[in-house]
Each structure stands twice: as structure tokens, then as C-alpha cells.
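Right, one structure below, let's go through it.
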Amino acid sequence: MRFGVLVLAHLLATPSLAFVSLNNHYDYNNQNALKVSSATALQVAVEVVGATEIKPRKTREERLEAASKGLQVHCVGLSIHHADVEVREKLAVPEHLWNDASNDICAIGSGAVVEAAVLSTCNRFEVYYAASDPHAAMADVTKYLADRSGLPVSTLRKNLFMLSGDDAVWHVMRVSGGLDSLIVGEGQILSQVRQCYMHSAEEDGCGGKVLSRLLNNALAAGKRVRSETAISKGSVSISSAAVELSEMLSMQDLQLPFSESRLAVVGAGKMTRLLITHLASRGLEKIIIVNRSMGRPMELQEQFPDVEIEIKLMDDLWDVVGRSDIVFTATSSVDYVIDEQRLEENGLAGGRPLMLVDISVPRNVGDDCKNVPNVKAYNVDDLKAVVARNTASRQKEMIEAETLLREEAQAFSAWREALSAIPTINQLQERANAFREEELKRCTRKLSNANLSEREMEAVERLSRGIVNKLLHGPMTHLRKTESIEGKQATLKELSAMFRLEEEETNANGRRSSSRRR
């Protein structure tokens, strides 16, 4: 409740939020989130005030049922394009906790979020969710983000973006295709989207019918982009960009050629493996790996037999830093591994030049290391300078890739629109079956004197069902096969009018209301 009051008080004094309005357009070229009106922001804030109760998690069956009742896709989050690393690291979620986060989002507040999936990487934290009430759902998700990060609402306001409907679908497609990445066309994000999809589909996931289909389509889109265009040809990952950055600045910062620099890396996970891969392609002969245990570094020794890998445990960290020129950090630690105080305590302040390149989120290297005279410290945000020249050369591939992504986005939107036909199909079947049963009763009374056997009466009933099914087959097939969204909506309207389905639904609702009053 206190959070809601703070939000409301802040919004009364602030004219706008940096959320993207549900009806606004998202500018992908400039990567700017458009602002929502103060009236909308105030409405969201009021709803956040009441969004404090934790609801029981919906079952998978309930989510599947809800998928056919007007669920819309939304996306809220922050990325390297909108938010500094100081903010992103506050919301970072380890992969093994993605499902826990999505369950919390579905359970929090009003329970407006029916399906949810979390994608958390070095460069982005995004929540994909499905809901029929966008304002209540946004309030719930915003409350979760504020509670988790512990950040003031004013800070979140400057960094978050929100997309809805086709804009959200298009964003997910661009993410999977590598077009929204810092390194255009990089392949690691496709693997991460795949993990997001796999986790959401697990027993304890909150993917549901709509999000599972969206993420699956996004995977297919990402694969098409990389196989049918040259977008990933010669592309680099964050690890490769870190290598390029250190190579580019070694003479400037260290007065030493990159090829003569002594290298070390702290951590032995996936990012370190990619880092060594790119270093090896540049002729790396020797590197020191500092890690908490020996297992993973020894695996890397086996994977890179041509590189001399020296393994040290964390107890030897400062000895390794002291005899290295460039130190890369890539651990999963949520605390700083290297900061100004530790450098001073270990006698490394004011000595020979040292370059620290941090490719971790949360960061491993404190920002205060830049205060140390002989130290040059860089993090993932500094990689933008390395990849600026990369984007211009890939404009042609990006245009081709966007054409493929639009096809996949339209395919999902058409499928999503087809879900809206399910209630109409059910109504049509129910109305036709009601007529059939009514006429069959009349026929049965007339045939009561014909002394028909039970088997013969069953044959009459099967005949009536067969006639109704054949009559409905044409309209229902046409409804399912209509590909364009506009054509689907027009067909639904025609069928509803032709069979007077809306009138029947109104009468049914009236009968239910009358029954409740009695």
C-alpha cells in the first residue's frame, strides 16, 4: 500500500511517465519510448494502490481457457537502448529463477496477468505477458518491478518501456532476429529466446497458449533471419565486442600492443568460453582463468588445447590482477569482485596501467575503479562504441530480415485473431444443436405410434446430427481458413448476423439474470 501511495503522490507532481501507451506507436529506429498521458498514468497509479493482494496462481487449464477470451500480448521491460547498467542489474534474474519470477507476476495484485514469461540477459530484462485488462495488468507488472528492484518510481519511469498488441509482437520478433541487439545479428539472443520459450512451457512455467505460440513463432523467425539473410555473417557477440574494445584501446590505455598484453579472465562460464573463442581467433597463446572451483576451467582447457590456460582459484585473484595488463570479468556474482577499495588494499592503485573489461550483469567491477589513476574500467555499455560501425554495414541485411520478421509477426497475429472465432463457432454449434434437439423431440412424439425400435430411433438421431454437421461444415471451414485479420472479423460479423447469434446470447444472458433474481 505504501508503494501505491508513493506512486500516486509522485504522479500528481509529474506530468508524464516514460511508459509506452497501449495506443501509441513504438519508434524502433530511435529506440525511444513514447510517453503516456498524465490521465492514463494516474489511472495506472490508482490501480497500483489497490494491487497488493497476492492471488493464487492460475492453473494451466484456466490459462488455456482464457486464451480464447480476448487475451492480448504485452511487453514491459528495459534494455541497453533505454536503461543504464546500474538500473538493469537491479532487475536481473538468473535463468533458473525465470519461472519463479513469472509465477510471482501472475500472482501479484489484481491477478490481471494470465500468462507471463521472463527474459533476462546482460543487455535486457523483459516481461512478456498476456492479459485482457491492459491497465490492471500494467499496474501489477509495474508493482512487481518496483518491489523487486527497490528503485524509486522516478528512476523506473525514465527507463521502462511498454508495448502492446502488434507493437509487442513486432518487438519480440526483432529481439529474436537479433535486430534489437547491441551487436546486430548476434546469435546468442536466439538461444536465450529459446530458453525463455522452453521455461515458459515447463510444468511450473506460466506460458499458456498465447505466449507459447508467440515465443515459438519468434524462434522460427529468428532461425529464418539467420538462414535466409547475411545478417549474422561475421557477426560478433558481447564477448567478441569486448575483445575488439580491448584491442582497439590497448595502445591508448596501456601503451602496449594488444598482442603483447598479458590477459586474465575472472569466471569460467559461457561468456568466458566465447571470450576465449574470439581471443583464440586473434592468435591468443596464453591466458589465466580465475574461478571459485577447478571444474569448469579444466573443461575449457580440454576445449582449447592450442591455448595455454593457467588456472587459479579466487584466493589468488589479486596476484593475477597484479601481473596482468587486461582483466576481463564474467562471473555470476551479484556483488563487485573488483572495486577501488580492494585495488588500494592490494597495492594496485597508482602502479602500472591496468585495463578492466567487465562483461557481466550485474557488474563485477565497481564504477569507482575509474577513480584509480592507472586503471581504465569499461562495462557492457561501453561496447556501443565498438559496434557503431557494425550497424551501418548491415542495413541491407536488416531490411531483408525485417521482411521475414513481418511474415512471422503477421502469421502470429492471424492465429491470435483466429482465437476470437472460437466463441462464435461454439455459439453456432450450440444454436444449431438446440434447433436439432427441439425438432427431434417433435419428430419423436409424432413417431411414437410407429413402434420404432430403440436402434431405429438412434439412427434418426444420428441422421439429424449428420445433417446439422454438414450444414455447418462450410461456414466453419470458411471461418477457420480466412487468413487476413480484416477478413476474419468480417466473416465473424456476417455469421453472427446471419444466424442471429448476438440476439441469442442477449436472450441467454437475460434468462440467466432472471433465474438469479428468482
TODO: Using modelled atom types only, decide if a donor and an acceptor are shared between the side chain of N103 and the backbone of N99 within a distance under 3.5 Å.
DONE: yes
| Judged by atom type as modelled, is there a donor-acceptor pair below 3.5 Å linking the side chain of N374 to the main-chain atoms of R352? | yes
Correct closest heavy-atom pair for S120 and W98 would be O-CZ2, 3.2 Å
| Distance-only, no hydrogens or angles: does the E115 side chain make a donor-acceptor pair with backbone N or O of L211 under 3.5 Å? | yes
Shortest non-hydrogen pair, A377 vs C369, comes out as CB-CB, 4.2 Å
* To do: Kindly say whether G177 contributes a backbone atom to a donor-acceptor pair with the side chain of R224 at under 3.5 angstrom?
  => no
Output for pair (C206 SG, H199 NE2), nearest 0.5 Å, gives 13.0 Å
d(N216 CG, R194 CZ) to nearest 0.5 Å is 10.5 Å
Discussion item. I'd like to know if the side chain of S102 and the backbone of A117 have a donor-acceptor N/O pair within less than 3.5 Å.
Written reply: no
Pair R323 + E310: basic N to acidic O under 4.0 Å = yes
Is there a side-chain contact between E95 and Q192 in this structure, where contact means two heavy atoms from C-beta onward sitting under 4.5 Å apart?
no
Query raised in the report: For R88 and D381, what are the C-alpha separation, side-chain angles and deciding distance, and is it a salt bridge (charged side-chain N to carboxylate O under 4.0 Å, His left out)?
Result: CA-CA 11 Å; R88 299 200 308 274; D381 285 358; 3.1 Å; yes
Here the gap from L256 atom CG to R262 atom CZ, rounded to the nearest 0.5 Å, amounts to 8.0 Å
Hey, is CD on E345 packed in by over 12 heavy atoms from elsewhere, all under 6.0 Å? yes
Can you tell whether the side chains of D147 and K143 come within less than 4.0 Å, N to carboxylate O?
yes
R342/D339 salt bridge by N-O under 4.0 Å criterion: yes
* Asked: So, do L156 and S149 sit near enough that their side-chain heavy atoms are less than 4.5 Å apart?
  -> yes
>> Using a 3.5 Å distance criterion without hydrogens, assess whether the side chain of S200 forms a donor-acceptor pair with backbone atoms of G207.
In response: no
| request: Answer yes when R363 and D358 have at least one side-chain N-carboxylate O distance shorter than 4.0 Å, and no when they do not. | output: no
Item to complete: Decide, yes or no, whether a salt bridge links R273 with E299 under the criterion of side-chain N to carboxylate O below 4.0 Å.
Response: no
d(E408 CD, M173 CE) to nearest 0.5 Å is 6.5 Å
Would you check if there is a donor-acceptor pair between the side chains of D140 and S110 at a distance under 3.5 Å? yes
### Task
Return yes if a side-chain donor-acceptor contact under 3.5 Å exists between S79 and H82, otherwise no.
yes
Note to self: Take a 6.0 Å sphere around NZ of K370 and say whether it holds more than 12 heavy atoms from other residues, nucleotides or ligands.
What the structure shows: yes
Distance only, no hydrogens: is a donor on one side chain within 3.5 Å (strictly under) of an acceptor on the other, for H278 and E244?
no
Looking only at heavy atoms, the pair that brings I288 and V320 closest together is CG2-CG1, 3.8 Å
| task | Compute whether any side-chain donor of one residue and acceptor of the other, for S181 and E186, lie under 3.5 angstrom apart. | result | yes
Salt-bridge test for E402 and R174: reply yes if a basic N is under 4.0 Å from a carboxylate O, no otherwise.
yes
ask   = Would a 4.5 Å heavy-atom cut-off, applied to side chains only, mark L91 and L78 as touching?
value = yes
Step by step, work out the side chain to side chain contact (heavy atoms under 4.5 Å, CB included) result for S191 and V193. CA-CA 6 Å; S191 173; V193 171; over 6 Å; no
Nearest heavy-atom approach of L356 to I338 is CD1-CG2, 4.0 Å
dist I326:CD1 -> Y378:OH (nearest 0.5 Å) comes out at 10.0 Å
Is T272 close to F328 at the side-chain level, that is, under 4.5 Å between some pair of heavy atoms?
no
Would you check if there is a donor-acceptor pair between the side chains of Q195 and Y197 at a distance under 3.5 Å? no
- Query: Are any non-hydrogen side-chain atoms of W170 and L405 less than 4.5 angstrom apart?
  - Reply: yes
Neighbour count >12 (heavy atoms, 6.0 Å) for atom CD, E285: no
One pair to check against side chain to side chain donor-acceptor pair (under 3.5 Å): T331 and N364. What are the steps and the verdict?
CA-CA 7 Å; T331 81; N364 292 165; 2.9 Å; yes
### Query
Counting distance only, does the side-chain N/O of S324 pair as donor-acceptor with the main-chain N or O of V327 below 3.5 Å?
no
Validation row: V266, L317 side chains within 4.5 angstrom (heavy atoms): yes
Note to self: Between I287 and V307, is the side chain to side chain contact (heavy atoms under 4.5 Å, CB included) condition met? List the steps.
What the structure shows: CA-CA 8 Å; I287 192 170; V307 178; 4.2 Å; yes
Other residues, nucleotides and ligands only: do more than 12 of their heavy atoms fall within 6.0 Å of CZ on R296? no
When you check the side-chain N and O atoms of S164 and H74, is any donor under 3.5 Å from an acceptor? yes
Self-check item: Verdict with supporting geometry, L119 and T121, side chain to side chain contact (heavy atoms under 4.5 Å, CB included)
Solution: CA-CA 7 Å; L119 176 64; T121 73; 4.1 Å; yes
### Query
Looking at D104 and R148, does any basic side-chain N land under 4.0 Å from a carboxylate oxygen?
no
Here the pair of heavy atoms bringing V380 nearest to N123 is CB-OD1, 4.3 Å
Practice prompt. Return yes if some donor-acceptor pair links the side-chain N/O of D368 with the main-chain N/O of E340 below 3.5 Å, else return no.
Written response: yes
query: Do S360 and M271 come within less than 4.5 Å of each other through their side chains, counting heavy atoms only?
result: no
Salt bridge D319-K312, side-chain N to carboxylate O under 4.0 Å: no
Here the gap from I311 atom CD1 to D316 atom CG, rounded to the nearest 0.5 Å, amounts to 12.0 Å
* To do: Please confirm whether the backbone N or O of E86 pairs with a side-chain atom of D84, one donor and one acceptor, at under 3.5 Å?
  => no
Open item on the list: Tell me if a side-chain donor or acceptor on S212 pairs with a main-chain N or O of K209 at a distance below 3.5 Å.
Closed with: no
Heavy-atom side-chain proximity of Y129 to V76 below 4.5 angstrom:
yes
Looking only at heavy atoms, the pair that brings F125 and L145 closest together is CE2-CD2, 3.4 Å
| query | Is the gap between the ring centers of H171 and F161 under 6.0 Å? | reply | yes
